[in-house]
There are 2 protein chains.
Amino acid sequence: MASITEENYLKALFNLSNNQGEASISDLANQLGVSMPTANSMVKTLQKQGLCRYEKYKPVVLTEQGKKAAALIIRKHRLTEMFLVNKMDFGWEEVHEIAEQVEHIHAPKFFERMDEMMGFPTVDPHGSPIPDKQGRIQELHLKSLSEAAPGQEAVIAALSDSSAEFLAYLNSRQLSLGTELKILSKESFDQSMTVAYGEKERESLSQKVCEKLLIRIFD
Amino acid sequence: MASITEENYLKALFNLSNNQGEASISDLANQLGVSMPTANSMVKTLQKQGLCRYEKYKPVVLTEQGKKAAALIIRKHRLTEMFLVNKMDFGWEEVHEIAEQVEHIHAPKFFERMDEMMGFPTVDPHGSPIPDKQGRIQELHLKSLSEAAPGQEAVIAALSDSSAEFLAYLNSRQLSLGTELKILSKESFDQSMTVAYGEKERESLSQKVCEKLLIRIFD
DNA sequence: CAAATTTGTTAGAATAGTCTAACAAAATAT
DNA sequence: ATATTTTGTTAGACTATTCTAACAAATTTG
């Protein structure tokens with residue numbers, strides 16, 4: 001069984017390799033707040049266990065086994081976040097830190113019970129998909145708000161950044177998952193967008209924000 | 001902040017010193033499944049942090065600070081057990097292992113929310129008192145069933161053994177907290193007792209079992 | 001392309017928590 | 001009160017995870 005430390009490396013590798021399917025040692029070290037030699041030696045350890053593939057001076061690639069292990073940890077993380085929000089009345093900005101600890105608990109029944117109690121949710125409070133028990137992840141292929149055009153209507157389906165700061169910003173603007181937006185205009189100058197939603201007739205969202213809001217466009 | 005290992009030593013010391021207020025190195029080592037040298041060196045570490053007092057060849061005594069720290073971990077353990085039983089529909093025999101892990105989570109709000117959701121319970125699913133937020137424990141001073149006399153009526157209020165095996169035994173006999181017992185007779189031969197409860201007209205309980213059932217006698 | 005920068009590696013050391021072997025003190029039992 | 005047993009201690013070693021310093025490879029830049 002992987003240690004908590006190893007689990008954290010797997011999770012970091014998984015998250016970093018979303019795009020290329022591989023991650024550099026320096027990104028890994030950065031993500032985990034450890035030195036490069038530390039990341040380097042842990043990668044060797046993971047490789048010995050068949051969890052990743054690695055050659056000197058090459059990026060690290062998770063094996064199928066490693067991907068599955070990582071996905072199952074992420075499953076526990078996201079189920080926990082959802083449970084905290086749905087069943088324990090936490091705000092979506094409060095749950096990451098707690099889930100970061102709970103995800104390392106070894107108690108299959110505990111997480112299955114959460115899952116049942118919530119009616120088997122497919123996404124977490126930030127719209128990220130919850131991997132299934134086999135570690136498979138349903139891809140959502142959402143667009144970011146930046147890609148939408150004036151005149152379109154869309155609903156916020158997920159976030160590409162779930163930091164407490166960004167969530168606090170969204171809270172302050174009454175933006176949440178499910179919020180329906182009408183895109184009024186887009187500044188070609190700074191890529192900021194003016195939108196309407198709920199009670200708000202005209203709100204301006206910076207490019208930074210638009211990029212982080214993942215939407216489903218109404219047909 | 002104490003490591004998980006240190007927390008486990010504190011908890012073990014707390015449980016072992018219930019009677020004398022002190023614990024031997026060998027009992028501590030035994031309780032934790034480590035060697036005596038290991039327990040010995042950890043005791044020195046805890047002492048340096050002001051969590052216990054210790055002199056060579058003498059038993060270990062928790063300081064007030066150490067007692068409080070231990071009680072707060074036990075609080076998290078027992079709140080978790082109660083939450084699992086009351087809110088997540090686990091059996092009382094399933095919760096110890098999970099609580100053993102959850103008790104190390106650092107998230108005050110998580111445990112406070114559990115506490116609130118349950119209406120601030122004072123005992124865990126096995127009848128053991130839940131320490132308050134200051135680490136104070138309300139003593140229940142219960143008698144064991146062995147101390148009761150034929151003719152008396154009593155209610156099971158707690159257990160002095162919460163092992164899965166004992167709990168399975170109690171489940172198989174439909175005995176639980178709150179079960180009201182009429183004591184019919186006691187064998188002076190083997191100290192076993194014959195009792196009536198629920199649908200059962202006559203059930204025989206061995207001395208071992210009677211000692212582990214903590215009761216409140218009806219006036 | 002050569003120089004500079006970034007990235008990655010090796011070597012060596014530190015800390016936490018654990019062990020076994022050997023010995024010493026305390027407690028128990030003749 | 002001595003011998004035996006139990007309990008406790010010290011010394012030394014091992015693994016996991018981390019670090020810094022020094023160097024090497026790869027990449028980027030002028």
Side-chain angles (χ1 to χ4, degrees), chain A residues 1-17 19-62 66 69-70 73 100-101 103-104 106, chain B residues 1-17 19-62 66 69-70 73 100-101 103-104 106:
Chain A
M1 194 139 331
S3 68
I4 290 177
T5 306
E6 288 170 338
E7 290 191 347
N8 285 333
Y9 277 85
L10 285 175
K11 218 173 29 131
L13 283 171
F14 190 94
N15 289 328
L16 289 170
S17 41
N19 325 312
Q20 320 300 317
E22 51 183 51
S24 70
I25 296 281
S26 72
D27 287 351
L28 180 59
N30 247 290
Q31 174 94 8
L32 291 165
V34 299
S35 66
M36 280 202 292
T38 300
N40 184 283
S41 81
M42 182 55 80
V43 161
K44 290 175 184 171
T45 302
L46 294 175
Q47 189 192 26
K48 280 181 203 133
Q49 295 170 71
L51 295 164
C52 70
R53 248 183 300 281
Y54 156 77
E55 285 172 82
K56 268 194 195 183
Y57 301 105
K58 295 269 178 62
V60 187
V61 184
L62 283 177
I73 298 160
E100 207 63 11
Q101 298 178 66
E103 71 190 2
H104 300 295
H106 294 294
Chain B
M1 193 137 336
S3 68
I4 290 177
T5 307
E6 288 170 338
E7 291 192 346
N8 285 332
Y9 278 85
L10 285 174
K11 217 172 31 129
L13 283 170
F14 190 92
N15 289 328
L16 289 170
S17 41
N19 325 309
Q20 320 298 317
E22 50 184 52
S24 69
I25 297 282
S26 71
D27 286 352
L28 180 59
N30 247 287
Q31 175 93 13
L32 290 164
V34 299
S35 67
M36 282 203 291
T38 300
N40 184 284
S41 81
M42 182 53 81
V43 161
K44 290 175 183 172
T45 303
L46 295 176
Q47 189 192 26
K48 279 180 204 133
Q49 295 172 70
L51 295 164
C52 70
R53 249 183 301 282
Y54 156 77
E55 285 172 80
K56 267 194 195 179
Y57 300 108
K58 296 270 179 63
V60 188
V61 184
L62 284 176
I73 299 159
E100 207 65 13
Q101 298 178 67
E103 71 189 4
H104 300 295
H106 294 293

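Just so we're clear, the structure is a prediction, and the values are computed from it rather than from any experiment. Residue numbers start from 1 in every chain, and the chains themselves are labelled A, B, ... in the order their sequence lines are given, proteins ahead of strands.
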Engineer: List in numerical order all residues of residues 4-14 of chain A for which some heavy atom is under 4.0 Å away from an atom belonging to DNA chain C.
Structural biologist: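 The answer is none.
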Engineer: For C:dT10, take OP1 and OP2 only and decide whether either is under 4.0 Å from a side-chain N or O of A:K44.
Structural biologist: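 It does, given that an N or O in the side chain of A:K44 lies less than 4.0 Å from OP1 or OP2 of C:dT10.
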Engineer: Return yes if some donor-acceptor pair links the side-chain N/O of B:Q20 with the main-chain N/O of B:S17 below 3.5 Å, else return no.
Structural biologist: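 Between the backbone of B:S17 and the side chain of B:Q20 there is no qualifying donor-acceptor contact (under 3.5 Å).
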Engineer: Is there a side-chain polar atom (N or O) of A:S41 under 4.0 Å from OP1 or OP2 of D:dT17?
Structural biologist: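 No, A:S41 has no side-chain N/O under 4.0 Å of OP1/OP2 on D:dT17.
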Engineer: To the nearest Å, give me how far apart CG (B:N40) and P (D:dT6) are.
Structural biologist: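 My rounded result for the distance is 20 Å.
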Engineer: Between D:dT17, D:dG8, C:dC19, which one does the side chain of B:V34 approach most closely?
Structural biologist: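 Of all the options, the side chain of B:V34 is nearest to C:dC19.
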Engineer: I need the single residue from B:L46, B:T45, B:L13 that forms a side chain to side chain contact (heavy atoms under 4.5 Å, CB included) with B:L51. Which is it?
Structural biologist: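 Option passing the side chain to side chain contact (heavy atoms under 4.5 Å, CB included) with B:L51: B:L46.
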Engineer: Would the distance check show the side chain of A:T38 and the main-chain N or O of A:V34 forming a donor-acceptor pair, the cut-off being under 3.5 Å?
Structural biologist: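 Checking the backbone N and O of A:V34 against the side chain of A:T38, no donor-acceptor pair under 3.5 Å is found.
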Engineer: So, the side chain of A:Q47 versus the backbone of A:R53: is there a donor-acceptor pair under 3.5 Å, distance only?
Structural biologist: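 Not at all, since once roles are kept as given, no pair shorter than 3.5 Å links the two residues.
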Engineer: Any side-chain N or O of A:K58 below 4.0 angstrom from OP1/OP2 of C:dG8?
Structural biologist: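 Checking C:dG8 against A:K58, no side-chain N or O comes under 4.0 Å of OP1 or OP2.
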Engineer: Could you walk me through whether B:E22 and B:K58 pass the salt bridge (charged side-chain N to carboxylate O under 4.0 Å, His left out) check?
Structural biologist: CA-CA 9 Å; B:E22 50 184 52; B:K58 296 270 179 63; over 6 Å; no
Engineer: What's the closest nucleotide to the side chain of B:S26 if the choices are D:dT9, D:dT18, D:dT7?
Structural biologist: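 Between D:dT9, D:dT18, D:dT7, the one nearest the side chain of B:S26 would be D:dT7.
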Engineer: Report yes if at least one side-chain N or O of B:T38 is closer than 4.0 Å to OP1 or OP2 of C:dC19; otherwise report no.
Structural biologist: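 So the side chain of B:T38 is within the cut-off, an N or O lying under 4.0 Å from OP1 or OP2 of C:dC19.
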Engineer: Using a cut-off of less than 4.0 Å, is there contact between a side-chain N or O of B:T45 and OP1 or OP2 of C:dG17?
Structural biologist: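 Checking B:T45 against C:dG17: no side-chain N or O falls below 4.0 Å of OP1 or OP2.
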Engineer: Between B:S24 and D:dT7, is there a contact of a side-chain N or O with OP1 or OP2 at under 4.0 Å?
Structural biologist: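 So the side chain of B:S24 is outside the cut-off, no N or O lying under 4.0 Å from OP1 or OP2 of D:dT7.
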Engineer: Rounded to the nearest Å, what distance is computed from the OH atom of residue A:Y57 to the P atom of nucleotide C:dT10?
Structural biologist: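 Distance check: A:Y57 OH to C:dT10 P gives 7 Å.
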Engineer: One thing to verify: whether A:E100 and A:K11 come together as a salt bridge, which I'm taking to mean a side-chain N less than 4.0 angstrom from a carboxylate O.
Structural biologist: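 So A:K11 pairs with A:E100 through a salt bridge.
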Engineer: Ignoring hydrogens, what is the shortest heavy-atom contact between B:H106 and A:Q101? Give both atom names and the distance.
Structural biologist: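 Looks like N-OE1, 2.7 Å.
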Engineer: Closest approach to the side chain of A:P37, judged atom by atom: which nucleotide of D:dC19, C:dC19, D:dT17 is it?
Structural biologist: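 So the side chain of A:P37 is nearest to D:dC19.
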Engineer: Starting at atom CG of B:L28, determine the distance to atom P of C:dG17, rounded to an integer number of angstrom.
Structural biologist: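 For the pair B:L28 CG and C:dG17 P, the rounded distance is 14 Å.
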Engineer: A:M36 CE to D:dA25 C1': how many Å, rounded?
Structural biologist: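 Distance, rounded to whole Å: 12 Å.
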Engineer: Where each residue is assigned the nucleotide of DNA chain D containing its nearest heavy atom, which of A:M42 and B:I25 is assigned the position nearer the 5′ end?
Structural biologist: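 Counting from the 5' end, the first nearest nucleotide belongs to B:I25.
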Engineer: Can you identify which nucleotide, out of C:dT18, D:dG8, C:dT10, has its nearest atom closest to the A:K56 side chain?
Structural biologist: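 Among the listed nucleotides, the one closest to the side chain of A:K56 is C:dT10.
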Engineer: Do the side-chain N or O atoms of A:S35 get closer than 4.0 angstrom to the phosphate oxygens (OP1, OP2) of D:dT18?
Structural biologist: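 Answer no for this pair, as no side-chain N or O of A:S35 is under 4.0 Å from OP1 or OP2.
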